[in-house]
Amino acid sequence: MRTVAEFRIEYLRHLSPQGRPLEELPAFAADNDELLKMFAAMLRARTFDAKAVNLQRTGKLGTYAPCLGQEAAHVGVGAAMRPEDCLAIVYREIGTLFWRGVSMTEVLLYWGGDERGNNFAVPRHDFPWCVPIATQTLHAAGAAMAFKIRKEPRCAVAYIGDGGTSEGTFYEAMNLAGARQLPIVFVVVNNKWAISVPIEEQTAAETLAQKGIAAGIPGVQVDGNDVIAVRDCMSRALEKARNGGGPTVVEAISYRLSDHTTADDASRYRNEAEVAEAWKVEPMIRLRKLLESRGVLDEAREQAMKAEFTREVDAAVQEYLSTPRQSTDAMFDHLYANPPPYLEAQKELARRYAGTGRPSH
Amino acid sequence: MSVTFNLPDLGEGLPEAEIVSWHVKEGQRVEVDQPLLSVETAKAVVDVPSPYSGNIVRLHAKTGDTVQTGRPLVDFDLPSQVTKATDTSAPAQANQGMVVGHMATRNEELVDHAIVGRGRRAYRDRDRVRAAPAVRMLAKRLGVELSTCSATGRHGLVSVDDVLARANFGKSQQRSPAVPGLTDADKLRGARKAMAQSMSLSRDEIAMCTIFDDADIDRWQDRGDISIRLVRAIVAGIKAEPALNAWFDPTGPSRKLMEQMHLAIAVDTNDGLIVPVLRDVTSQSAAQLRAQLDDIKQRTRARTIAPEEMRDYTFTLSNFGTVAGRYATPLVVPPTVAILGAGKLQRDVVAGAKTPEIHVRLPLSLTFDHRCVTGGEALRFLAAVINDLQLPN
């Protein structure tokens with residue numbers, strides 16, 4: 001017998017967990033302002049994230065999925081994308097959303113159960129939040145197909161989690177993207193835990209990046225806590241896609257330092273030692289150290305940034321809390337141009353039951 | 001300004017949380033987002049942060065207490081310019097106490113207790129009404145107690161329609177008068193109001209069935225004391241069929257056969273129907289019964305009878321025939337299961353051995369609750385009553 005196919009998966013990391021450059025950094029990393037901007041974006045996401053959890057704990061927000069520990073993956077992807085590209089998120093990637101211009105108030109509205117939180121003022125062409133696992137990968141593949149047909153130099157980016165890569169939908173989306181050589185990048189944020197299922201139980205594959213191989217898509221692994229590596233890796237994948245080189249699967253390895261959502265208690269299934277180890281390699285530390293070594297960041301500056309973001313978050317919370325409630329109609333109004341009768345019936349039902357406390361019969 | 005912080009829903013439709021520990025004391029000043037307490041819900045142990053910057057006036061529950069979602073947790077005294085909707089602004093230094101993602105100073109890790117959580121204890125599922133969160137919310141909004149709703153949904157769930165039915169039922173209790181022009185002065189009081197309520201209850205609950213028959217008392221040797229003979233006959237009936245001297249609880253459903261017999265006697269008064277009780281009728285002689293009956297009737301008409309003398313009866317006799325009327329369908333009042341009505345004595349033409357004869361007969365109407373009493377039991381009871389009544393003395 002002879003070998004007819006082989007594959008290899010490369011792993012990219014630019015900064016050690018302690019902020020030491022491991023090799024020559026990509027060009028953008030020479031620009032301290034650009035790195036500070038990325039650091040600020042991570043800090044901003046983390047500040048917002050903490051407040052959102054507290055809002056849920058005090059009854060002002062519904063269930064919320066924190067992003068703690070994955071800020072580098074999210075900001076790195078956002079920084080590599082162009083505004084005209086199309087993003088399909090899951091429900092945790094606020095670092096990318098904020099980078100692309102989604103407002104904090106919109107994020108709060110979504111988790112507060114308000115449909116207006118799905119209707120981003122900027123960017124208009126991104127997909128809304130997507131809780132049904134993996135379905136967003138097909139939406140993004142569809143958008144990428146449209147870009148290809150229209151010959152627009154735009155790319156689609158689909159997020160998915162480690163658990164989501166077990167879904168059939170993900171394989172369908174990759175198959176379409178591979179077969180049609182679509183301008184799309186699938187970003188698998190491997191945070192090691194699919195709610196309570198650890199990655200070791202999720203798959204027998206050595207990497208999630210290799211899941212693209214069967215669809216004819218190259219895969220690459222990147223340290224998802226290294227924002228420089230993530231941005232570099234994504235930039236290359238997007239550049240290739242934009243130039244007709246086809247799709248890529250990028251696996252960003254990170255760790256979910258938080259519970260899955262505010263309705264979860266990870267201490268019931270995850271040991272503390274593992275979490276403590278993960279805190280040592282969390283993404284803020286290495287970028288902070290690099291910037292400090294370059295003399296462009298110190299504690300006072302970081303505290304000032306933090307204070308500014310706290311004020312911004314508080315203002316967004318006020319705006320969110322003072323936004324008048326929507327009627328229940330909003331749940332139904334954006335699904336179909338011509339709603340089927342059963343949805344009209346449900347809309348009527350919702351009006352009866354969720355109104356002002358006076359049922360209409 | 002005083003503000004109460006109620007326990008929020010800390011998961012997705014969680015009804016309650018148990019207090020694991022308090023991190024603050026009454027009288028203490030706290031900053032927004034500072035940890036107040038740790039609670040355990042069905043899903044998680046979580047820290048609840050302070051929604052306000054201000055002074056803690058009162059903690060409504062102790063460690064180990066279970067607090068229902070939406071019930072008061074902490075009373076705050078807030079600086080007057082802070083209002084509920086705008087409490088989230090916080091000076092930068094307030095964030096030193098933030099639970100989640102507080103600023104790491106230098107190279108230490110960001111330790112986050114609220115998110116990572118702590119501890120693990122089994123959730124004790126308590127007996128509680130099963131209903132979807134939306135239904136709970138609807139019930140709360142309508143002020144309907146879920147435990148008072150019937151549960152007609154799948155798997156014993158209380159449905160939206162159950163809540164609405166209950167809400168409308170409650171409304172009909174308090175609806176504006178159907179008859180215009182009525183005032184408070186027209187409202188029923190006392191015995192008449194009690195009758196309205198107990199008869200409504202009877203109508204709503206009892207599966208009533210009435211049997212009619214007559215006791216031929218032509219062979220009575222003297223005129224006889226009809227009331228006392230009726231009491232004696234009912235005692236004989238219960239001896240033959242104890243199932244009619246019982247209390248029934250439909251929520252079990254369960255039934256208790258009563259050892260003693262306390263017989264309620266319906267007495268007509270100007271103020272309405274009053275039903276005093278003859279105690280322990282099985283162990284008394286005819287003379288004793290007559291004395292007791294005279295006593296309670298007299299005191300009933302004088303309205304000096306005490307309320308406790310009208311409670312805890314196990315069977316009812318309505319001797320309505322002293323006025324008029326042959327048969328009736330008397331109503332059983334829960335939790336008793338039967339009532340016997342005696343009509344006006346009749347001189348009936350009956351079939352003799354060869355010729356028609358005229359006999360004095362006592363018309364009887366027995367109503368029983370068919371949820372609890374079988375037709376056979378009722379008929380055997382009635383037969384024993386008639387047999388006893390037809391004895392010459």
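Each chain gets a letter, A, B and so on, in the order its sequence line appears, and its residues count up from 1. Note: hydrogens, waters and symmetry copies are ignored here, and every other heavy atom, side chains too, is used. In this text the structure is predicted, and so the values were computed from the model without any measurement.
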Please indicate whether A:Arg294 has more than 12 foreign heavy atoms, meaning atoms of other residues, nucleotides or ligands, lying under 6.0 Å from its CZ. yes
Kindly check if the number of other-residue, nucleotide or ligand heavy atoms within 6.0 Å of CZ (B:Arg29) is above 12? yes
Going from [atom1] on [X] to [atom2] on [Y], what distance comes out if it is rounded to the nearest 0.5 angstrom?
{"X": "B:Asp47", "Y": "A:Arg57", "atom1": "CG", "atom2": "CZ", "result": "8.0 Å"}
{"X": "A:Thr310", "Y": "B:Asp33", "atom1": "OG1", "atom2": "CG", "result": "9.5 Å"}
{"X": "A:Thr58", "Y": "B:Leu7", "atom1": "OG1", "atom2": "CG", "result": "11.0 Å"}
{"X": "B:Leu10", "Y": "A:Gln56", "atom1": "CG", "atom2": "CD", "result": "6.0 Å"}

Pick from A:Thr261, A:Val313, A:Thr63: which one has the most heavy-atom pairs with chain B under 4.5 Å? A:Thr63
Top of A:Ala263, A:Gly62, A:Gly59 for chain B proximity - count of heavy-atom pairs under 4.5 angstrom: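 The option with the most such pairs is A:Ala263.
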Less than 6.0 angstrom from the centroid, inside 45 degrees of the normal: does A:Lys60 satisfy that with respect to the ring of B:Phe5?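 The answer is no, since A:Lys60 fails at least one limit relative to B:Phe5.
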State, yes or no, whether a side-chain contact exists between B:Val46 and A:Asp265 at a heavy-atom distance under 4.5 Å. no
Give a yes or no answer on whether the side chain of A:Asn54 reaches the backbone of B:Pro49 with a donor-acceptor pair at less than 3.5 Å. no
